[in-house]
Amino acid sequence: MNNSTTKKTGMVSLIGKTNVGKSTLLNQLVEQKVSITSRKPQTTRQRLLGIKTEGSNQIIYVDTPGFHQGHKRALNKFMNKTALSSIEGVDIVLFVVDALNFSVTDEHLLSQVSTKDNQVMLVINKIDKVAKKEKLIPFVEEVTKLFPFLEVIPISALKRKNIDILEKEITKRLPVGDHLYPEDQIADSSERFLASEIIREKCISRVGDEIPYRLSVVIDNFKEEDKLITIDGTIYIEKSSQKGIVIGEQGKRLKAIGTAARKDLERMLDNKVMLRLWVKVKKDWTNDRSALNFMGYKVV
Ligand code: GDP
Ligand code: MG
């Protein structure tokens, strides 16, 4: 048979410290928002997929929670475990670091990666922040001493710089194999899950620095009718003092969260959305296994 249309399919995992820009990069690679981002660490909590199909090639990207050390809560343990397990069985690992900022956490994570049988590319992100590009040279030298990377690719996920080069390097190495998803599918998450993530993203950017780690969103109702999707969501936090912060003076903050989330949801779902939000306290949920399961973080 003529094999000019031989299908190729590969799994590519994004690994790196929290806040280096993995989710921003994933969204750029699939050209859609499938993973929420923020300037605060630990925004991504679950493993999730972004899928890009072009002609005979399908790349399945796996976004992971950023790895971080020194946290003892059940939620943090769950996130670290999810991050490391997602490099098993993938074809390529993108090891993402922040330009000029390589720390012991990166090194520790890299040592975990090196024990696995993967092809690893070093992706140096946020190069838009580096005024003097020659500063990257000693940085690259130092990091590449630690690991035999397949490629070293400096990028800016935010400014969409060198994303095409990165994609080309990945495509070159895709193994032959049938596609795993229909070509128009860009994520494996349900609309319900994406809705909860978008609401969480809007909360994260509007509350202080501590609350994001104590906040979770559960979708209680997701009803699709002809011209309207009705979504009810509950924002869970750990203390009643945090409740006041999320709601804000005269409910203003919650209203702003709801409006911003609704706009994103309408764009994503291509439909009118009615969004109703509640705020509830669930004491110490980040350290409570049954609560974690209820929130959708599958701890076994
Ligand atoms: P993750 O924790 O690794 O998934 O990181 P995120 O994708 O959530 O990004 C963390 C922060 O870094 C966000 O505020 C992003 O806007 C920012 N960021 C991501 N990529 C870039 C980049 O290329 N340049 C700059 N200057 N900021 C970036
Ligand atoms: Mg992330």
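Order of listing sets the numbers, starting from 1, for every ligand and every atom in it. The first residue of the sequence shown is numbered 1, and numbering continues consecutively from there. Worth saying up front: this structure is predicted, and the values here are computed from it rather than measured.
At the shortest separation from atom 2 (O) of ligand 1 among protein heavy atoms lies N19 N, 2.8 Å. The protein atom (non-hydrogen) at minimum distance from atom 5 (O) of ligand 1 is G21 N, 3.1 Å. Of the protein's heavy atoms, D128 OD2, 2.9 Å lies nearest to atom 26 (N) of ligand 1. T24 OG1, 2.6 Å is the protein heavy atom nearest to atom 7 (O) of ligand 1. Of all protein heavy atoms, the one lying nearest to atom 27 (N) of ligand 1 is L158 CD2, 3.7 Å. Among protein heavy atoms, the minimum distance from atom 28 (C) of ligand 1 is reached at K126 CE, 3.7 Å. The nearest protein atom to atom 20 (N) of ligand 1, hydrogens excluded, is given as N125 ND2, 3.2 Å; this is a heavy-atom distance.
Atoms CZ and CZ, on R262 and R267 in that order, are 11.0 Å from each other to the nearest 0.5 Å. From L166, atom CG reaches atom CD1 of I155 across 6.0 Å, with rounding to the nearest 0.5 Å.
Near S23, meaning under 4.0 Å from one of its heavy atoms, ligand 1 places the atoms 4 (O), 7 (O). Listed by number with element, the atoms of ligand 1 under 4.0 angstrom from any heavy atom of K129 are 26 (N). Close contacts of ligand 1 with S38, meaning ligand atoms under 4.0 Å from a residue heavy atom, involve 8 (O), 9 (O), 10 (C), 11 (C), 13 (C), 14 (O).
A donor-acceptor pair is defined here as one N or O able to donate and one able to accept, closer than 3.5 Å; no such pair exists between the side chain of D91 and the backbone of L174. Q58 places a side-chain N or O within donor-acceptor distance of the main-chain N or O of L180, the cut-off being under 3.5 Å.
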Carefully, step by step, assess S103 and K17 under the rule side chain to side chain donor-acceptor pair (under 3.5 Å). CA-CA 9 Å; S103 69; K17 208 165 55 178; 3.1 Å; yes
Would you please test S35 and S23 for side chain to side chain donor-acceptor pair (under 3.5 Å) and show each step? CA-CA 6 Å; S35 191; S23 298; 3.0 Å; yes
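Remark: ligand 1 and T43 share no N or O pair separated by less than 3.5 Å (distance only, no angle test). Checking only distances, I155 never comes within under 3.5 Å of ligand 1, N or O to N or O. No N or O atom of I36 sits closer than 3.5 Å to an N or O atom of ligand 1.
For the Mg ion (ligand 2), the tally of protein N/O/S atoms lying closer than 2.8 Å stands at 2.
The pair K7-D178 does not meet the salt-bridge criterion, since no charged nitrogen lies less than 4.0 angstrom from a carboxylate oxygen. Using a cutoff of 4.0 Å between basic side-chain nitrogens and carboxylate oxygens, R276 and D232 are scored as salt-bridged. A salt bridge is absent between K145 and E141: the closest approach of a Lys/Arg side-chain nitrogen to an acidic carboxylate oxygen does not fall below 4.0 angstrom. Ion pairing between E197 and R200 holds under the 4.0 Å rule for side-chain N and carboxylate O. By the 4.0 Å N-to-carboxylate-O rule, D264 lies close enough to K33 to be salt-bridged with it.
Using cut-offs of 30° and 60° for the angle between ring planes, the F102 and F139 rings count as perpendicular.
Using a 3.5 Å distance cut-off with no hydrogens or angles, the side chains of N27 and T24 do not pair a donor with an acceptor.
With a 4.0 Å cut-off on non-hydrogen atoms, R39 touches ligand 1 through its backbone as well as its side chain.
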